[in-house]
Amino acid sequence: LLMEQGKLGEAEPLYRRALEGQEKQLGANHPETLTAVNNLALLLKMQGRLGEAEPLYRRALRGQEKQLGASHLDTLTSVNNLASLLQDQGKLGEAEPLYR
């Protein structure tokens, strides 16, 4: 809700707390934890912190490919999210193959 209201600074500590809790309770590679990683990356991207978001998007994608498979909807969403971030960073050569 805070993110939707544009209160990104207030939302960030809550996203980090949720991620930390899921890592402890479910493990770093649990699908729900990886969704939390992706959500934090999205928040950072919305704040313009692209360099911080990139490794999180990559982590989510690697984990989802391993846990869910390359064709799972969550994995494909992470592929698109990473490609969009790379495009925003001007890394078109890295983004293009992800869009295919």
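Keep in mind that the numbers below use all heavy atoms, side chains included, and drop hydrogens, waters and symmetry copies.
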Considering non-hydrogen atoms only, spot the tightest contact between Leu86 and Ala95 and give its length.
-> CB-CB, 3.8 Å
Minimum-distance pair of heavy atoms, taken over all atoms of Ala28 and Thr33 | O-CG2, 3.7 Å
To the nearest 0.5 Å, how far apart are NZ in Lys91 and CD in Glu54?
-> 3.5 Å
Linking I/L/V/M/F/W/Y whenever any side-chain heavy atoms sit under 4.5 Å apart, do Leu56 and Leu8 land together?
-> yes
For the atom pair CG (Leu85) and CG (Leu44), what is the distance rounded to the nearest 0.5 Å?
-> 10.0 Å
Straight-line distance of Arg49 CZ to Leu40 CG, nearest 0.5 Å = 8.5 Å
Nearest-0.5 Å distance, NE2 of residue His72 to OG1 of residue Thr77 | 9.5 Å
Between Leu34 and Ala60 the two heavy atoms that sit nearest each other are O-CB, 3.8 Å
In this structure, CD of Gln87 is separated from OH of Tyr99 (nearest 0.5 Å) by 4.0 Å
Minimum-distance pair of heavy atoms, taken over all atoms of Glu32 and Gln22 = O-OE1, 3.3 Å
Can you tell me how far the CG atom of Leu73 sits from the CG atom of Leu68, to the nearest 0.5 Å?
-> 10.0 Å
Which of these passes side-chain contact (heavy atoms from CB on, under 4.5 Å) with Thr35: Asn38, Val37, Asn39?
-> Asn39
Minimum-distance pair of heavy atoms, taken over all atoms of Ser84 and Lys45 | OG-NZ, 2.8 Å
Are Leu76 and Leu98 joined in one hydrophobic group, where the rule is that I, L, V, M, F, W and Y side chains link up if heavy atoms are under 4.5 Å apart?
-> no
Option among Arg59, Arg17, Arg16 that satisfies the salt bridge (Lys or Arg N to Asp or Glu O under 4.0 Å) test with Glu23 | Arg59
Which heavy atom of Gly9 sits nearest a heavy atom of Pro13, and at what distance?
-> O-CD, 3.2 Å
